[in-house]
Amino acid sequence: MIWVNIAGLLLIALIVWWFWLYQPKAAKVDTGNRVITVANGTYTPARIRLPAGQAATLMFLRKDPTPCSETVLIPDLNISAALPLDKPTSIAIPPLSAGEYPFHCQMQMYRGQLIVG
């Protein structure tokens, strides 16, 4: 009985780490490499560094057929875009002040972050 409880606690800890605590390394995005792949329940890269005060264009390429991956939202910028399967979608990012701007799917299962600085 105790092993079942220990296994349950470890599983809960893994779920908390994966959904709330895990943060992949930030990728610096330059002019030639602004493609974010949507596949296997993640955005790759999920953390993107952008320079402050400069407009940028991000390219999303959806390879995941699940319904949750159909839309990307950047709530702080009032951006919502449909992502067709296997077709690149450009999203224009206006010049931003320094800070962190989350982006996610409509259910917030796919999550990423723009780090502007």
Side-chain angles (χ1 to χ4, degrees):
M1 181 73 166
I2 192 147
W3 294 110
V4 172
N5 290 336
I6 291 173
L9 289 173
L10 288 175
L11 184 58
I12 289 170
L14 178 65
I15 290 170
V16 167
W17 175 78
W18 178 258
F19 284 103
W20 292 287
L21 301 177
Y22 173 72
Q23 292 188 351
K25 284 186 173 183
K28 186 175 181 181
V29 178
D30 60 17
T31 308
N33 184 21
R34 291 198 171 139
V35 177
I36 300 164
T37 305
V38 184
N40 301 318
T42 62
Y43 294 115
T44 306
R47 292 170 47 93
I48 300 151
R49 289 194 181 278
L50 296 172
Q54 293 182 6
T57 301
L58 299 177
M59 186 76 65
F60 283 82
L61 179 59
R62 177 178 163 227
K63 295 186 175 274
D64 194 335
T66 59
C68 191
S69 66
E70 290 178 345
T71 305
V72 63
L73 304 168
I74 309 175
D76 294 341
L77 306 178
N78 292 323
I79 293 175
S80 174
L83 303 176
L85 190 60
D86 293 323
K87 293 182 182 174
T89 303
S90 295
I91 297 178
I93 305 296
L96 299 171
S97 56
E100 296 181 355
Y101 301 85
F103 61 93
H104 51 78
C105 68
Q106 65 269 23
M107 293 176 59
Q108 296 188 28
M109 294 181 73
Y110 294 68
R111 292 174 297 151
Q113 193 169 43
L114 299 175
I115 302 166
V116 180

Expected list for residues 83-106: side-chain donor-acceptor pairs under 3.5 angstrom, two or more places apart:
from, atom 1, to, atom 2, distance (Å)
Ser97, OG, Tyr101, OH, 3.4
Glu100, OE1, Gln113, NE2, 3.0
Tyr101, OH, Ser97, O, 2.9
Gln106, NE2, Pro67, O, 3.4

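- Residue Met59 qualifies as enclosed at atom CE: its count of foreign heavy atoms under 6.0 Å is above 12.
- Every residue meeting the side-chain contact (heavy atoms from CB on, under 4.5 Å) condition with Ile2, not counting sequence neighbours, appears here in chain and number order: Ile6.
- For residues 59-76, every residue pair satisfying the side-chain hydrogen bond (donor to acceptor under 3.5 Å, both in side chains) rule, not counting sequence neighbours, is listed here: Arg62-Ser69, Asp64-Thr66, Asp64-Tyr110, Thr66-Tyr110.
- By the rule that hydrophobic residues join a cluster once side-chain heavy atoms approach within less than 4.5 Å of another member, Leu10 and Trp3 end up as members of one cluster.
- Taken together through direct or relayed side-chain contacts under 4.5 Å among Ile, Leu, Val, Met, Phe, Trp and Tyr, Met107 and Ile36 form part of one hydrophobic cluster.
- Residue Ile48 is not grouped with residue Leu73 when hydrophobic side chains (ILVMFWY) are merged at heavy-atom distances under 4.5 angstrom, including chains of intermediate members.
- Taking every heavy atom of both residues into account, Ala56 and Leu50 meet most closely at CB-CD2, 4.1 Å.
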